[in-house]
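Here the structure is laid out as structure tokens; the discussion comes afterwards.
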Protein chains: 2
Amino acid sequence: MTIRQKLSMDPQAADVRTNDLEDLVGYNLKRAYVILSADFKRTLGEDGFAPRVFSALSLIVQYPDITQSELARMLGIERSGLVAIVDQLEQRGFVQRNAVPGDRRVQALMATGDGCAAYEQARASVEAHEEKLLSHMTPRDVETLLGLLRKIREIEE
Amino acid sequence: MTIRQKLSMDPQAADVRTNDLEDLVGYNLKRAYVILSADFKRTLGEDGFAPRVFSALSLIVQYPDITQSELARMLGIERSGLVAIVDQLEQRGFVQRNAVPGDRRVQALMATGDGCAAYEQARASVEAHEEKLLSHMTPRDVETLLGLLRKIREIEE
DNA sequence: GATAATTGTTTACTTGGTTAACAGTCTGGC
DNA sequence: GCCAGACTGTTAACCAAGTAAACAATTATC
């Protein structure tokens, strides 16, 4: 078998989906996430929110006066990593840091009116992006997928 | 409602799984992937392969003489990003770059005997890590999940 | 033969995280 | 009341994993 014949086991061919990696959940999660994430960024555009910023704003809107520690825990990231995100949202006028009576270490995060409006708009865009991107799947499939992903996430608790 | 009463809508409470983010596929994919990835790294340990290196070795073993461009395409990454990965595998004696007769630009990647052995060991570890991590899910659930993730990945083609 | 495309590499850069350390603050046990 | 330990948000440094651009060499196409 020459080198050219070996390459005729063309890794780009249709049954490329039979290698070991195709049976690994982690690998497939990563590849699927890359697709969703790239389209998210494309949809929201340059001036829009990065996924992690959108997530943070989402929770700040839904949990008024959430603290940074709580938010970091909910998002599954380190507190230090949240600083730049909150700075960004604060600088854009979407979030304010408020002192908390009774505990001078803590700041409560509150979305501004502009922040809520921006969030609603972004949320609609994000939902539309997912709906369109996944339109080749049935709503039932999407629900099943979410359920299974949540099942994985039970490990977090 | 005081600030303390607001915070009694405890974001850490059991029904935290009802916010907007919980219905987004992208967000859940990311969170699930972080879990799988962290456990992968824990399982293979410091001297083991990072997920992306494991993935590359996997395909090199299964597609002997694959070129770097083909490999990059299959993994969904840029050619330049693959150089460091292949360098690492080559340096550890797991992979060799071979000239291809007839096309002097191309190098065919071939796993060495050591590389194949290391891969088989790692593959077994990876499979065991997933089996254990996902043991709270039925095999059918895992199969369904893989199917749905593959459905998402159809977008890639 | 000229031009466009491809290959693998190098370099610079970006993004999204983690870690460690810190000052300030709070908590709980003695 | 005191104090050690824990917590808060921040800063700076670092890391991993990727992308983009440029390039020399090579191949493909007209």
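Side-chain atoms are counted along with the backbone in the values below, which use heavy atoms only and exclude waters and symmetry mates. The chains referred to below are lettered A, B, ... by the order of the sequence lines, with proteins before strands, and numbering in each begins at 1.
- A/Arg104 has a side-chain polar atom (N or O) that falls below the 4.0 Å cut-off from OP1 or OP2 of C/dT25.
- Counting only heavy atoms from C-beta on, A/Arg73 has its side chain closest to D/dT8 among D/dT8, D/dT27, D/dT11.
- Residues A/Glu70 and A/Arg73 are not paired through a salt bridge, judged by the lack of any N-O separation under 4.0 Å between the basic side chain and the carboxylate.
- Between A/Gln68 and D/dC7, a side-chain N or O to OP1/OP2 separation shorter than 4.0 Å is absent.
- Base contact: B/Arg79 has a heavy atom under 4.0 Å from a base atom.
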Apply salt bridge (Lys or Arg N to Asp or Glu O under 4.0 Å) to the pair B/Glu154 and B/Lys151, showing each step before the final yes or no. CA-CA 5 Å; B/Glu154 285 174 7; B/Lys151 196 89 185 147; 3.8 Å; yes
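- Distances from the side chain of A/Arg105 to the nucleotides D/dA17, D/dA6, C/dT18 place D/dA6 closest.
- Distance, B/Phe49 CZ to D/dA17 C1': 18 Å, rounded to whole Å.
- Heavy atoms from other residues, nucleotides or ligands lying under 6.0 Å from CD of A/Glu127 number more than 12.
- Note: CD (A/Gln107) to P (D/dC7) measures 18 Å, nearest angstrom.
- Listed pair B/Thr67 / C/dT7 fails the phosphate criterion, with no side-chain N or O lying under 4.0 Å from OP1 or OP2.
- For A/Glu46 and C/dT14, the CD to P distance is 13 Å, given to the nearest whole Å.
- To the nearest angstrom, P of D/dT10 lies 12 Å from CG of A/Leu71.
- Distances shown here put a side-chain N or O of A/Arg97 below 4.0 Å from the OP1 or OP2 atom of D/dT10.
- Of the side-chain N and O atoms in B/Ser80, none sit less than 4.0 angstrom from OP1 or OP2 of C/dT9.
- Contact check for B/Leu145 versus A/Val25: side-chain heavy atoms found under the 4.5 Å cut-off.
- One can place CG of A/Leu109 at 8 Å from P of D/dG9, the figure rounded to the nearest angstrom.
- A salt bridge links B/Asp87 with B/Arg97; the closest basic N to acidic carboxylate O contact falls under 4.0 Å.
- Contact annotation for B/Ala50: backbone-only contact, meaning every heavy-atom pair under 4.0 Å involves sugar-phosphate atoms and none involves a base.
- Between the CD atom of A/Gln88 and the P atom of D/dT10 there is a distance of 15 Å, rounded to whole Å.
- For B/Arg52, a side-chain nitrogen or oxygen approaches OP1 or OP2 of D/dA17 to under 4.0 Å.
- As a whole-Å value, the separation of B/Leu82 CG from D/dG18 C1' is 12 Å.
- Using a 4.0 Å heavy-atom distance criterion, A/Glu78 is classed as a base contact.
- Between the CD1 atom of B/Ile85 and the P atom of D/dT19 there is a distance of 10 Å, rounded to whole Å.
- Side-chain N/O atoms of A/Lys30 include one lying less than 4.0 angstrom from OP1 or OP2 on D/dG18.
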